[in-house]
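No experiment lies behind these values; they were computed from the predicted model shown. Chain A is the first sequence line, chain B the second, and so forth, proteins listed ahead of strands; every chain is numbered from 1.
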Amino acid sequence: MRLSRYYIPTLKEDPADAEVVSHKLLMRAGMIRKLTSGIYNYLPLGLRSINKVAAIVREEMDRAGALEVLLPTVQPADLWQETGRWDYYGKELLRFKDRHDRDYCLGPTHEEVMTDLVRGEVKSYKQLPLNLYQVQTKFRDEIRPRFGLMRGREFIMKDAYSFDKDEAGAEQSYWNMFEAYKKAFSRIGLRFKPVQADSGAIGGDFSHEFMVLAETGEDTIASCTACEYAANLEKARVVVPDGPDMTGAECPAMEQVATPGVHTVDEVCAFLAIAPDKLVKTLLFVVDGKPVAALVRGDREVNDAKLRNLVGGNEIALADEALVRRLTNAPVGFAGPAGLDKDVPVYADNELRTATDWVAGANAADAHVRHLSLGRDCAVERYADLRVIEPTDACPECGAPIEFTKGIEVGHVFKLGLKYSAKMEATFLDENGKTQPMVMGCYGIGVSRIVASAIEQNNDGNGCCFPPSIAPFEVCLISLGGKDEAVDAKAEELYEVVKGQGVDAAFDDRKERPGVKFAEADLIGYPMQLVLGGKGMQSGIVEAKDRKTGEKTELPLDGFAEAFAAWRKDIWSKWGLAL
RNA sequence: CGGGGCGUGGCGCAGACCGGUAGCGCGCCUGCUUUGGGAGCAGGAUGCCGGGGGUUCAAAUCCCUUCGCCCCGACCA
């Protein structure tokens, strides 16, 4: 592509509304422009990268046996009502009505539509397994879109859905996709890690997220320093070290103490001069409309995903102030397990079995209790792993220390089981002529987010350093001809040679000063730069620069084709990528 | 949804407290010079100062209202 006829509106300064480096650089390199909050125009350069990511993803999907389709973005409400998600999905689902007053939404994901498509046509076990995917624009009305392409409201996603005749098949489909994802992300050139994840609003049996390791990531990963264990913070299991069960152990009688105006853990600890690990923190939640209480030690935090899964609910939220007052007869800050409204089931974290004689809220204004014994002074429905893992906890698999890292979720695979097929009656006849629900899985990749993630992982003070696999152009050939037409003519020849090798090349033939060309090439982040100037012409060489490392080499004009091919191969291999 | 900040040429900003009819840098256009790391000189174009309403002789500036964008938070008892 000749840059003299291309459209790359670069910016010298960071845009005022960009915070993270990928957002700034995507804007500055002329790859995207914001239309409105969380919604972006993809410019020629940005679209090229997105298309390259999508092409790799498609190849790996096809190789894994998935078939590409394209489903609508506009979806009718009745499908969502069938699965119940019209009510459960919440405000992220953008809803609207057509002229006949019928309800619709913009698709944030496509389980319903895909299941509907398949249930209409697939009737026999002979047609299974089936895996259909698409690369498509999704819309999620995020509470707070931010960070450019990292968390947009409208974004490009690859989503695949597998349908199997039984559990074993579904599991095979799941791991098949898992492997395809690893291949795709490797080929894209990302440093990533698959981690165990909670399945959230999509639901299902188990799932993994593929995390790109980057400081700006919004997710936290707990990973073992010794074994392979890695999990999203909200999923990571906490194993309480072995020790005696202190439930019901000897403990003085419970007594109430006045704690006027003291409601937070810190305040209670200061007031009673105790450490926070002597206190039971009681949080009231509402799970699918029903109140539940969760107990953790004062220095711990409740993991609401774990609580929701334990209770078996879909939606979880902290109780609002009015409900807290009703259940505890006190303002927020004095809830405790003893004397709580009888209809509220109490779930306690495993760790609370390792000690007794607790301090807790008294369910009365300005009062707490001391010498609380769980089981003696209140009923506990169940002990379970309820808290958020902390850096001081041990690996739940092997007991070695764990470490926390930040990650960007670029892919997510779910084993759904019967969640959608049962509700939507996606059934087939098995070998015995019996009607069975299909066993499903679903698999997403954030295509546009990957472009942002790649920049987060690969940039420097001068701009982007794209991996060659997804750079908008793999090579930029810069001609410093100026008035010397012979240089431009020679550069033109080289451009033809490079193109002739099937390389995606940009040819900077613009009448710009050298400084401008260099600065923009660095900003855009072409992995390879070739520079031909008057001096090079004289001595018969082209300068070749590796954008990522800054390393410069000289390629001979005589025998350029071979020299370039070898150098290019070298660059790819430095990225750990095969040509 | 709560709190904070910001909307002034394409981009980044000043001007606002203290009302007097808009300015700087970059970019853009023309010409000359320059040509190995975002050039220099000269000339030039581009603003319903986010929208609406009000106060005033006079509003980018003060008041009310509305829309948009960004950041933080969204209750850990």
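The side chain of A:Thr36 contributes an N or O atom lying less than 4.0 Å from OP1 or OP2 of B:C69. Contact between the side-chain N/O atoms of A:Lys12 and the OP1/OP2 oxygens of B:G27 is found at a separation under 4.0 Å.
Contact check of residues 471-488 of chain A against RNA chain B (heavy atom, cut-off under 4.0 Å) returns A:Leu480, A:Lys483. Contact check of residues 505-526 of chain A against RNA chain B (heavy atom, cut-off under 4.0 Å) returns A:Arg513, A:Pro514, A:Gly515, A:Val516, A:Phe518, A:Ala519, A:Glu520, A:Asp522, A:Leu523. Contacts with RNA chain B (heavy atom under 4.0 Å) in residues 339-352 of chain A: none are found.
Across all strands shown, nothing is found opposite B:U35 as a Watson-Crick or G-U wobble partner with both distances under 3.5 Å. Judged by Watson-Crick or G-U wobble contacts below 3.5 Å, the nucleotide B:C75 has no partner. Across all strands shown, the partner of B:G43 is B:C29, judged by Watson-Crick or G-U wobble contacts whose two distances both fall under 3.5 Å. B:G19 is unpaired under the Watson-Crick or G-U wobble criterion, no partner having all donor-acceptor distances under 3.5 Å. Across every strand in view, B:C6 sits in a pair with B:G68 that passes the Watson-Crick or G-U test at under 3.5 angstrom.
Atoms CZ (A:Arg33) and C1' (B:C69) sit 16 Å apart, rounded to a whole Å. A:Glu142 has its CD atom 16 Å from the P atom of B:C1, to the nearest Å. In this structure, A:Met150 atom CE and B:C71 atom P are separated by 12 Å, rounded to whole Å.
For the side-chain hydrogen bond (donor to acceptor under 3.5 Å, both in side chains) condition, the pairs that include at least one residue of residues 459-468 of chain A, sequence neighbours left out, are A:Asp460-A:Arg547.
Closest approach of A:Pro291 and A:Pro345 over heavy atoms only: O-CD, 3.5 Å.
A:Val21 is listed as a side-chain neighbour of A:Glu456, based on a closest heavy-atom distance under 4.5 Å. Residues A:Asp198 and A:Arg308 meet the side-chain proximity criterion, which asks for heavy atoms closer than 4.5 Å. Taking the side chain as every heavy atom from C-beta outward, A:Lys511 and A:Asp488 approach each other to under 4.5 Å. Side-chain atoms of A:His23 and A:Tyr40, non-hydrogen and from C-beta on, do get closer than 4.5 Å to each other. Taking 4.5 Å as the limit, every side-chain heavy atom of A:Trp80 sits out of range of all side-chain heavy atoms of A:Asp87.
Partners of A:Tyr6 by ring-ring contact (aromatic ring centres under 6.0 Å, His included), not counting sequence neighbours, listed by chain and number: A:Phe473. Residues meeting the side chain to side chain contact (heavy atoms under 4.5 Å, CB included) test with A:Ala360, sequence neighbours left out: A:Val280, A:Pro337, A:Val369, A:Leu372. In terms of the side chain to side chain contact (heavy atoms under 4.5 Å, CB included) criterion, residue partners of A:Phe404 (sequence neighbours excluded) are, by chain and number, A:Thr220, A:Ala222, A:Leu233, A:Ile389, A:Pro391, A:Ile402. Partners of A:Glu351 by side chain to side chain contact (heavy atoms under 4.5 Å, CB included), not counting sequence neighbours, listed by chain and number: A:Val240, A:Arg297, A:Arg300, A:Asp349, A:Thr354, A:Arg387. Take A:Lys97 and apply the side chain to side chain contact (heavy atoms under 4.5 Å, CB included) test, not counting sequence neighbours, and it matches A:Asp101, A:Asp103.
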Should A:Glu474 and A:Arg568 be marked as a salt bridge (charged side-chain N to carboxylate O under 4.0 Å, His left out) after you check the CA-CA gap, both sets of side-chain angles, and the distance that decides it?
-> CA-CA 9 Å; A:Glu474 212 182 307; A:Arg568 177 186 175 219; 2.5 Å; yes

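The pair A:Asp509-A:Arg2 meets the salt-bridge criterion, since a charged nitrogen lies less than 4.0 angstrom from a carboxylate oxygen. With respect to A:Glu209 and A:Lys235, no salt bridge is recorded, no charged nitrogen being found less than 4.0 Å from a carboxylate O.
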Could you encode protein contacts along nucleotides 3-16 of chain B as a string, one character per nucleotide from 5' to 3', using B for base contact, S for sugar-phosphate-only contact and - for no contact, with a heavy-atom cut-off of under 4.0 Å?
-> ---------SS---

Protein heavy-atom contacts under 4.0 Å, written 5' to 3' over nucleotides 72-77 of chain B as B (base), S (sugar-phosphate only) or - (none), form the string B-BSBB

Determine all donor-acceptor pairs shorter than 3.5 Å in which one atom belongs to a side chain in residues 515-524 of chain A; sequence neighbours excluded.
from: A:Lys517; atom 1: NZ; to: A:Ser479; atom 2: O; distance (Å): 2.7
from: A:Lys517; atom 1: NZ; to: A:Asp508; atom 2: O; distance (Å): 3.2
from: A:Lys517; atom 1: NZ; to: A:Arg510; atom 2: O; distance (Å): 2.9
from: A:Glu520; atom 1: OE1; to: A:Arg510; atom 2: NH1; distance (Å): 3.0
from: A:Glu520; atom 1: OE1; to: A:Arg510; atom 2: NH2; distance (Å): 3.1
from: A:Glu520; atom 1: OE2; to: A:Thr10; atom 2: OG1; distance (Å): 3.1
from: A:Asp522; atom 1: OD1; to: A:Gln529; atom 2: NE2; distance (Å): 2.7
from: A:Asp522; atom 1: OD1; to: A:Lys545; atom 2: NZ; distance (Å): 3.1
from: A:Asp522; atom 1: OD2; to: A:Lys545; atom 2: NZ; distance (Å): 3.4

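Across all strands, A:Arg28 comes closer than 4.0 Å to base atoms (heavy-atom distances). Nucleic acid contact for A:Lys552: base, since at least one base atom lies under 4.0 Å from a heavy atom of the residue.
Classification of the A:His263-A:Phe334 ring pair by plane angle, with boundaries at 30° and 60°, yields tilted.
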